[in-house]
Structure formats: C-alpha cells, structure tokens
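Computed over heavy atoms, backbone and side chain alike; hydrogens, waters and symmetry mates excluded. Just so you know, these numbers come straight off a predicted model, no measurement behind them. Every chain is numbered from 1, with letters handed out A, B, ... down the list of sequences.
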Number of protein chains: 2
Amino acid sequence: MHERVHLDHEAKALEAPADHAAELRLWLRLLTLSTMIEGEVRRRLRDRFDVTLPRFDLMAQLVRAPDGMTLSDVSKRMMVSNGNVTGLVERLVESGHLDRRVSETDRRAQVIRLTDAGLDAFRAMAAEHEEWIAEMLSGLDEDEIDTLMTLLGKVKASTRTAMEKGPAGAPQEDVPR
Amino acid sequence: MHERVHLDHEAKALEAPADHAAELRLWLRLLTLSTMIEGEVRRRLRDRFDVTLPRFDLMAQLVRAPDGMTLSDVSKRMMVSNGNVTGLVERLVESGHLDRRVSETDRRAQVIRLTDAGLDAFRAMAAEHEEWIAEMLSGLDEDEIDTLMTLLGKVKASTRTAMEKGPAGAPQEDVPR
DNA sequence: GCGGCTTGTTTTAAGCTTCAAATATCACGC
DNA sequence: GCGTGATATTTGAAGCTTAAAACAAGCCGC
C-alpha cells in the first residue's frame, strides 16, 4: 500500500517524496546521544550527590546571577514551562538551596537566588560534573570540538528558522509579512 | 573562598584544574539543541495528531518489527525503564494502536505489535515528522550532515567508553581487570 | 528435579513536565 | 483614575519517568 521504502536509487524525478533519510538519521543520532549523556549525568548526580538533574540545571542558571533571577527568566533559559519552575523552586527553597523573595520593583515577580549553602553545594557538584563531561568527550581533539560547535550552531540557527515559520504546510495565521 | 573564576589566562601551571570549558560548552549546545528540536516535535505531534512524543517513539520502534517485540526489547531500544514501557503500552493498547499477547515461547514475556489502525496512524505521523526534521535541518548541506554524523558517532563511542569505566575517581568495585 | 541466578514484567512512590485555566499586577493610553 | 491587553506566577489534571521492590518464569548445574 505504501511505496517508497525500497527504491533508494532511481526514481528521483516524478514528484518522488524527496527522501530525507540522512536528516532523519542525523536527528536520531543527536537524540540518542543526548539521551545517553543526560541519563548518565542524572544517574551520577543521584548516586554521588542525591540531587536530580533538573535541580542541578536550575542552580546552574542561578550561579552566574548573584543578584537573582525571576522565575520567568529561569523558565525561558531552561526552556521549560512556568509551572514546572514553580514546583522545582518550591522544593529547592524547602531544601535550603534557594532563597525566594518578592521583587522590589514588580510585585508579580519572585526573585530567587542561591543561598550560601546552595552555592557551596552547587560548586561541589559542578566541579565533578565538568570532569564527567570532559571524560565523556575525551575521544575528541580540539579541532573536532571546534567543528562540532560550529556545525551544531548552524543546526540551531536552521532549527530556529524552521520554528519561526511554523509547521510546513500550515498556513501562516494572522502574521502578515 | 573559591578561586578559579576570573583568571582565565595565566595560572596554568601549578595543578590548575585543567579547564574543560570547551567540552562543557559543546555539551551545553548539544543539549540545548536537542531540547529545542524535541520540544518542537512534541508540540507539533500534539497539535496535529493529538499524540505524545513517547507514544510516537514507541510506535516507531514497532513499525520495523512486524512480528512484534517484547517490552524489554522496546525498553532497551528506547533507553527508558521497564516500568515506563509498561505504562506507555497500556495506554496504547487501550487506544487501539497496539496489540499485546503473551509470548509463545516465554510465558514471562509480552509481545506487542502495531494493529492495522496503529500502523496507519503511525505512517501518517511519520511522513509529516520526516518533513519537519528535514525542514529544521535544511540549513545544512550534504557534507555538513555527513561530518556531523561522523563526529557525533565519535562522541557516542567516547561516551560509551566513559560510561563503562564508571565515574572518574570512583574506585572500581569488584570488577577485576 | 532442586536450588540458585538471571530475566521479564508490574507495581509503587516520588518527582518531573506540559497545557490550560485562574489570579494578580503592571503598563499604557485616554 | 479606568479600562485593556500583556506579563508573572500558581494551580490542577494528565501523563511521563525513574528507582526500587516484588513476583513469576526461565535456565543451569548438579
């Protein structure tokens, strides 16, 4: 009922549905790889520090902002929903890693900061974390890392463009160009 | 209290903790990118097909196995826990996409297959999905895709090695070499 | 054919995550 | 000062995810 699986060469003219197998394989490999690394990092954070990856990530956002960030800021940076951050922050305040107060300039907003204890804990974790990543990437030389950075940057730009345009084939709604 | 943040050049001898900034940045970019793409794919699957990404992924595993797979097989391939697959499968059986029966050769195992309806639904989704990915990667030429495949393969191999060795610094337990 | 280890699955508790709806506050124009 | 629309956050329901414990059935050596 469906053609298209077994005629890889030939059959290229004639509205053939342009096979994007290479792109698909690349995406799959990218996804597998980050799932793999992420899983390993999560496991190690749990085993050695009894902390979850999302909490670590949140603290990582905060460490470079000694004056704090609002929940929205964190949410955008982490690319997760607002509601998600609310819960994460609640648990981290509870455990003493975070300090949370109402913004002085905007009564809607909460400003969160690492507490001293939170900062200490994070530094210890971050140091090990950096070693783990370096170890996992130790099979690459400097040039390869450079090339990867560049190409992944290109993918990122390309993806962003595709996201702005919206799903292929979907008529642009409203937005006049 | 902590040194190390602001002395990027100089201070390289003397047990400097070998900065792995490049590796860390690469990992961060990789993670950001797959989070971005994954999020967009999830959003589109939901909007256009009212299906979740994990369900789509599970069906994708099954489509090339007309004779079915066991839950364990699926769990390994998807790199998620067994319990996770149990729940996913339950919902997909419920919705009529999957068929599940006890293995004829191993009474512990469940064999799952796509139903006809499941196969049809999956094909429709997969076709669009492929277009989405192709669109997001359209900023890259063939060579760049090739290079990325190769380099990511290398990262994968390197990561696997690091995972087998276990966390750096952790004494190998038991395993005599 | 009986232990003992392994493997396949399910269950449970806790936490993560999203989307959508509800609140509260702000910013702006008038 | 009062609407109006935008922004910041919280809440609730549903689903995803893991780790760990419990079970069932297979496999293997004796």
Side-chain angles (χ1 to χ4, degrees), chain A residues 31 34-36 38-59 68-95 97-98 100-112 174, chain B residues 31 34-36 38-59 68-95 97-98 100-112 174:
Chain A
L31 182 56
S34 60
T35 302
M36 223 166 101
E38 201 174 323
E40 183 69 9
V41 169
R42 185 175 21 70
R43 214 170 351 264
R44 294 184 184 190
L45 281 175
R46 178 188 199 68
D47 289 351
R48 297 178 76 75
F49 299 105
D50 195 36
V51 81
T52 65
L53 183 52
R55 291 182 201 191
F56 177 78
D57 286 344
L58 198 156
M59 294 173 80
M69 299 172 72
T70 66
L71 299 207
S72 292
D73 289 342
V74 173
S75 156
K76 279 172 203 122
R77 293 277 215 103
M78 291 181 74
M79 299 192 285
V80 300
S81 67
N82 286 342
N84 191 347
V85 174
T86 296
L88 239 21
V89 167
E90 193 172 301
R91 287 180 286 268
L92 280 166
V93 169
E94 164 78 22
S95 66
H97 292 92
L98 258 53
R100 163 213 244 158
R101 61 188 66 168
V102 173
S103 162
E104 288 169 17
T105 60
D106 183 343
R107 267 178 305 171
R108 293 169 300 177
Q110 309 269 340
V111 176
I112 53 176
D174 301 334
Chain B
L31 181 57
S34 60
T35 302
M36 223 166 102
E38 201 175 323
E40 183 68 9
V41 168
R42 185 174 20 71
R43 216 171 349 264
R44 294 185 183 191
L45 281 174
R46 179 188 200 68
D47 289 350
R48 300 178 73 75
F49 299 106
D50 194 36
V51 81
T52 64
L53 183 53
R55 291 183 201 191
F56 176 79
D57 286 344
L58 197 157
M59 294 173 79
M69 299 173 71
T70 65
L71 298 206
S72 292
D73 290 342
V74 173
S75 155
K76 278 173 204 124
R77 292 277 216 106
M78 291 180 74
M79 299 193 285
V80 300
S81 67
N82 287 342
N84 190 347
V85 174
T86 296
L88 238 22
V89 166
E90 194 171 301
R91 287 180 287 268
L92 280 166
V93 167
E94 164 79 21
S95 66
H97 292 92
L98 258 53
R100 164 213 245 159
R101 61 188 64 168
V102 173
S103 163
E104 288 170 15
T105 60
D106 184 342
R107 269 179 303 174
R108 290 168 303 176
Q110 309 267 340
V111 176
I112 53 177
D174 301 336

Just so I know, are the side chains of A:V89 and A:V74 near enough to count as touching, which here means a heavy-atom distance under 4.5 Å?
no
Expressed as a whole number of angstroms, how long is the span from B:E90:CD to D:dC16:P?
11 Å
Rounded to whole Å, how long is the line connecting atom CG of B:D73 with atom P of C:dT7?
13 Å
Whole angstrom value for the distance that separates C1' of C:dG15 from CG of A:L58:
14 Å
Heavy-atom nearest nucleotide on DNA chain D for A:K76 versus A:G39: which residue maps closer to 5'?
A:K76
Under 4.0 Å, counting only non-hydrogen atoms across every strand here, what does A:S72 touch: a base, just sugar-phosphate, or nothing?
sugar-phosphate
Heavy-atom side-chain contact between A:L92 and A:I112 under 4.5 Å
no
Once you round it to whole Å, what is the distance between P of D:dA19 and CZ of A:R44?
14 Å
Ignoring backbone atoms, test whether B:T86 places a side-chain nitrogen or oxygen under 4.0 Å from the OP1 or OP2 oxygen of C:dT10.
yes
Of the options D:dT9, C:dT9, C:dC16, whose atoms approach the side-chain atoms of A:L71 most closely?
D:dT9
Close side-chain approach of A:L88 to A:R91, heavy-atom, < 4.5 Å
yes
What's the CE-P distance between B:M69 and C:dT7, to the nearest Å?
18 Å
Select base, sugar-phosphate, or nothing to describe what A:T52 touches, counting heavy atoms under 4.0 Å on all strands.
sugar-phosphate
With A:D106, which residues qualify under side chain to side chain contact (heavy atoms under 4.5 Å, CB included), at least two apart?
A:S103, A:R108, A:A109
Closest approach of B:L31 to A:E38 (non-hydrogen atoms, all atoms of both residues)
CD1-OE1, 3.4 Å
Residue pairs passing the salt bridge (Lys or Arg N to Asp or Glu O under 4.0 Å) test where at least one lies in residues 68-90 of chain B, sequence neighbours excluded:
none
At 4.0 Å (heavy atoms only), tell me whether A:S75 reaches a base, stays on the sugar-phosphate, or touches nothing.
nothing
Just the table, please: protein N/O against nucleotides 17-21 of chain C N/O, every pair under 3.5 Å.
residue	atom	partner	partner atom	Å
C:dT17	OP2	A:N84	ND2	3.4
C:dT17	O5'	A:N84	ND2	3.1
C:dT18	OP2	A:S81	N	2.8
C:dT18	OP2	A:S81	OG	3.0
C:dT18	OP2	A:N84	ND2	3.2

Just jot down the side chain to side chain contact (heavy atoms under 4.5 Å, CB included) partners of B:V80, sequence neighbours excluded, or say none.
B:M78, B:N84, B:V85
Examine distances only and state if a side-chain atom of B:S75 and a backbone atom of B:L71 form a donor-acceptor pair shorter than 3.5 Å.
no
List the residues meeting salt bridge (charged side-chain N to carboxylate O under 4.0 Å, His left out) with A:R46, not counting sequence neighbours, and say none if there are none.
none
Both A:G87 and B:G87 contact DNA chain D. Taking the nearest nucleotide for each, which residue is further toward the 5' end?
A:G87
Ignoring backbone atoms, establish whether A:R100 has a side-chain N or O less than 4.0 Å from OP1 or OP2 of D:dA8.
no
Taking only heavy atoms on the protein side, list every residue of residues 102-111 of chain A lying under 4.0 Å from any atom of DNA chain C, sorted numerically.
A:D106, A:R107, A:R108
Taking atom P of C:dG8 as reference, at what distance in whole Å does atom CZ of B:R77 sit?
15 Å
